[in-house]
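Every chain is numbered from 1 and lettered A, B, ... according to where its sequence line falls, protein lines coming before strand lines. Everything quoted here is computed from the prediction, not taken from an experiment.
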2 protein chains.
Amino acid sequence: MDGNEYPLRRMEKMIEVLRENGCRITPQRLALLKILSMSDVHPSAEDLYAHLKRDFATTSLATVYKTVGLLREVGEVWELNFGDGKNRYDGNKPYPHVHLVCVKCKKVIDADMKSIRDFSKELSQKTGFRVLRQRLDFFGLCQGCQGVKQL
Amino acid sequence: MDGNEYPLRRMEKMIEVLRENGCRITPQRLALLKILSMSDVHPSAEDLYAHLKRDFATTSLATVYKTVGLLREVGEVWELNFGDGKNRYDGNKPYPHVHLVCVKCKKVIDADMKSIRDFSKELSQKTGFRVLRQRLDFFGLCQGCQGVKQL
DNA sequence: TTTTCTGCAAATGCTTTGCATGGGA
DNA sequence: TCCCATGCAAAGCATTTGCAGAAAA
């Protein structure tokens with residue numbers, strides 16, 4: 001459930017950036033930041049809403065969308081879409097990494113590969129494109145699902 | 001407007017696969033296959049619909065969606081989403097390649113990099129993940145947009 | 001002739017927006 | 001106190017579905 005070595009540090013960083021942008025730190029936002037900074041499963045808005053409802057019975061999906069939208073704008077969460085019609089949010093790894101999407105169990109695993117930088121550099125040199133950010137998604141079967149017969 | 005060396009061959013391949021799957025080749029489908037096999041700009045459903053209307057005034061978006069959905073199911077087009085809320089379709093390069101998405105002019109450039117295979121292999125070895133397909137999207141500025149002042 | 005496809009309209013599902021109330025700073 | 005945030009409901013959009021008529025094979 002953590003994946004990130006420093007979820008607390010991540011949360012504090014997000015709070016800091018929100019304050020810098022003149023945003024208020026409400027209990028709802030604090031709870032959402034906590035979930036985002038600790039989760040490494042790339043939750044959807046609905047997932048976040050379900051978690052949030054445990055502490056705030058009357059909270060709404062709209063608030064979730066507003067907050068993650070805000071965090072996306074200030075660069076503290078990544079909005080990801082793996083082609084299943086709904087966005088997912090990554091708030092704990094704001095640096096380049098690879099996603100391994102298991103087509104069977106639907107899990108999304110993060111992989112840190114140093115060679116991303118080499119690959120990116122080579123690409124820039126060959127094409128003249130200036131890379132600002134990247135999405136590297138590999139779809140396939142995770143180790144656990146490779147042994148299972150039925151695909 | 002081509003990008004693919006063999007648009008005709010691509011179209012024939014798609015027709016063949018559709019026939020193999022017991023699908024009928026209608027004039028509308030033929031026109032759509034032609035557009036898809038020749039275009040390298042990753043058109044959206046709306047884009048395809050606009051093109052198609054030139055020849056079929058009464059055609060509908062639903063038909064476009066049904067046909068690209070069919071082609072996707074038989075593996076002849078890739079459905080792509082670059083985070084702008086609408087899907088794009090790639091029917092002329094059914095092999096691994098990199099997308100360079102310009103955040104300014106919104107153009108999507110294809111880049112063929114031999115090192116994709118090395119990168120993918122290294123990833124499999126390190127993580128035990130079996131890669132079936134991949135999405136490698138780089139967001140940034142294309143050569144033409146790098147000189148422009150206003151971002 | 002049979003079965004699939006087309007295209008209109010309605011429905012769906014995720015996300016955004018408007019606005020009155022509530023709560024940080 | 002002054003705004004910003006919340007949360008409800010309604011709207012917005014891309015995509016899907018239902019179905020009657022049209023058209024491949």
Base versus backbone protein contacts along nucleotides 20-25 of chain C [heavy-atom cut-off under 4.0 Å; B, S, -]:
---BBS
Answer yes or no on whether B/Arg135 is positioned over the face of B/Phe82, meaning its NZ or CZ is under 6.0 Å from the six-membered ring centre and within 45° of the axis.
yes
Please list all pairs passing the ring-ring contact (aromatic ring centres under 6.0 Å, His included) test where one or both residues lie in residues 118-142 of chain B, with sequence neighbours left out.
A/Phe119-B/Phe119
Residue from A/Val101, A/Val108, A/Ile109 passing side chain to side chain contact (heavy atoms under 4.5 Å, CB included) with A/Cys142
A/Ile109
Determine: side-chain N/O of A/Thr58 to OP1/OP2 of D/dG7, distance under 4.0 Å, yes or no.
yes
For a quick test of your reading: what N or O donor-acceptor pairs under 3.5 Å do the side chains of residues 21-36 of chain B make, sequence neighbours left out?
unit_1: B/Thr26; atom_1: OG1; unit_2: B/Arg29; atom_2: N; d: 3.1
unit_1: B/Arg29; atom_1: NH1; unit_2: B/Arg24; atom_2: O; d: 2.9

B/Ser60 side chain near C/dT6 phosphate (N/O to OP1/OP2, under 4.0 Å)
no
If you look at every strand shown and take non-hydrogen atoms under 4.0 Å, does B/Thr59 touch a base, only sugar-phosphate, or nothing?
sugar-phosphate
5′-ward residue of the pair A/Ala62/B/Arg72 relative to DNA chain D
A/Ala62
From the set C/dT15, D/dT17, D/dT15, return the single nucleotide nearest to any side-chain atom of A/Leu61.
C/dT15
Residues B/Lys106 and B/Asp84 bridged, charged N to O under 4.0 Å:
no
Write down the distance between OH (A/Tyr49) and P (C/dG13), rounded to a whole number of angstrom.
17 Å
B/Tyr65 OH to C/dG13 C1': how many Å, rounded?
13 Å
In terms of side-chain heavy atoms of B/Arg29, which of C/dC14, D/dT6, C/dC5 is nearest?
C/dC5
Whether the side chain of A/Lys66 and the base of C/dG18 hold a donor-acceptor pair under 3.5 Å is what I'd like checked.
yes
Between D/dA23 and B/Gln28, is there an OP1 or OP2 to side-chain N/O distance shorter than 4.0 Å?
no
Do any side-chain nitrogens or oxygens of B/Asn87 fall under 4.0 Å of OP1 or OP2 in D/dT15?
yes
Are the aromatic ring centres of A/His99 and A/Trp78 under 6.0 angstrom apart?
no
